[in-house]
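Working notes for the structure below.
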Amino acid sequence: MRPTDTLFERVWSIAAKVPRGKVTTYGAIARALGSPGAARTVGWAMRAAPVRSGLPCHRVINVTGELSPEDTFGGPGVQRSLLESEGVTFDVQGRVDMKRHLWIP
DNA sequence: ATGGTGACAAAGA
DNA sequence: ATCTTTGCCACCA
């Protein structure tokens, strides 16, 4: 495959494949890329992900089911609303139900 | 080339 | 069960 210049591009490529109503974790993506220890880098890629690319970065969360900082998407509870809109369920603690919506590339 | 940084992950108390 | 600390990797200046 076309060796992407940076791991970022690869991350975005996978993030774009996450089906609607599902979520994935940074570690899962990092593993799919062949760098299981690059979970942090994946998160960084999401942060640097251009919104105009239409990347569903709100579907990418950490393995604990916790969402990214509220102000990351422009407002508190925005990411959660987006996921709920897609049919993602949350538990009482406000975490995503991984058992139900965890999707791995 | 080196240093600093970060939307993580796992282990220990 | 929760909170804190450590380790890892890749990008930017």
Side-chain angles (χ1 to χ4, degrees):
Chain A
M1 314 236 301
R2 233 158 343 299
T4 48
D5 309 61
T6 68
L7 197 147
F8 278 36
E9 302 241 341
R10 287 192 271 182
V11 173
W12 298 334
S13 192
I14 292 183
K17 293 173 191 160
V18 181
R20 187 168 170 283
K22 294 267 182 178
V23 295
T24 189
T25 72
Y26 303 99
I29 294 177
R31 223 172 291 173
L33 294 173
S35 302
R40 281 183 107 177
T41 311
V42 173
W44 208 4
M46 291 284 98
R47 184 178 185 248
V51 184
R52 56 189 194 241
S53 296
L55 279 171
C57 26
H58 55 269
R59 293 186 195 146
V60 184
I61 61 180
N62 53 3
V63 73
T64 51
E66 185 68 67
L67 304 183
S68 58
E70 298 159 336
D71 49 303
T72 307
F73 285 89
V78 173
Q79 182 175 13
R80 173 158 174 173
S81 296
L82 285 163
L83 291 171
E84 286 182 326
S85 278
E86 299 184 344
V88 178
T89 58
F90 289 78
D91 61 7
V92 203
Q93 310 194 10
R95 296 188 203 168
V96 178
D97 194 340
M98 304 303 285
K99 301 295 188 182
R100 254 212 253 277
H101 307 293
L102 179 58
W103 177 86
I104 296 173

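Lettering of chains follows the sequences in order, A, B, ..., and the numbering in each one begins at 1.
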Sequence neighbours excluded, the answer for side chain to side chain donor-acceptor pair (under 3.5 Å) partners of R95(A) is Q93(A)
Sequence neighbours excluded, the answer for side chain to side chain donor-acceptor pair (under 3.5 Å) partners of R10(A) is T4(A)
Here the residues of residues 60-69 of chain A within 4.0 Å heavy-atom distance, strictly under, of DNA chain B are N62(A), V63(A), S68(A), P69(A)
For residues 96-105 of chain A, the salt bridge (charged side-chain N to carboxylate O under 4.0 Å, His left out) pairs (sequence neighbours left out) are D97(A)-R100(A)
**Prompt:** Do W103(A) and V23(A) come within less than 4.5 Å of each other through their side chains, counting heavy atoms only?
**Reply:** no
Q) Less than 4.5 Å apart, any side-chain heavy atom of L83(A) and any of L67(A)? A) yes
Integer angstrom distance from the C1' of dA13(C) to that of dA7(B): 22 Å
Applied to residues 72-91 of chain A, the side chain to side chain donor-acceptor pair (under 3.5 Å) test, sequence neighbours excluded, yields H58(A)-E86(A), R59(A)-E86(A), S68(A)-Q79(A), R80(A)-E84(A), T89(A)-H101(A)
Residues joined to F73(A) in its hydrophobic cluster, side chain to side chain under 4.5 Å directly or through other members, sorted by chain and number, are V78(A), L82(A)
Would you say V42(A) ends up clustered with I14(A) if hydrophobic residues are merged whenever their side chains have heavy atoms under 4.5 Å apart, either directly or through other cluster members?
yes
Students should find that the hydrophobic cluster of V51(A), defined by side-chain heavy atoms under 4.5 Å apart, otherwise consists of none
Notebook entry, point to check: Hey, any chance L55(A) and L7(A) share a hydrophobic cluster, counting ILVMFWY side chains that come within less than 4.5 Å of each other, even indirectly?
Noted result: yes
Tightest non-hydrogen contact, residues A30(A) and A38(A), listed as CB-C, 3.8 Å
Members sharing V63(A)'s hydrophobic cluster, built from side-chain contacts under 4.5 Å between Ile, Leu, Val, Met, Phe, Trp and Tyr, are none
Ordered by number, residues from residues 85-99 of chain A within less than 4.0 Å of DNA chain B (heavy atoms) are none
Min and max contacting nt of DNA chain C in 5' to 3' order, chain A heavy atoms within under 4.0 angstrom, are dT2(C) to dC11(C)
Here the side chain to side chain donor-acceptor pair (under 3.5 Å) pairs for residues 15-38 of chain A, sequence neighbours left out, are none
Taken to the nearest whole Å, CZ/F73(A) to C1'/dA7(B) is 8 Å
Contact check, residues 8-45 of chain A vs DNA chain C, heavy-atom distance under 4.0 Å, returns F8(A), S35(A), G37(A), A38(A), R40(A), T41(A), W44(A)
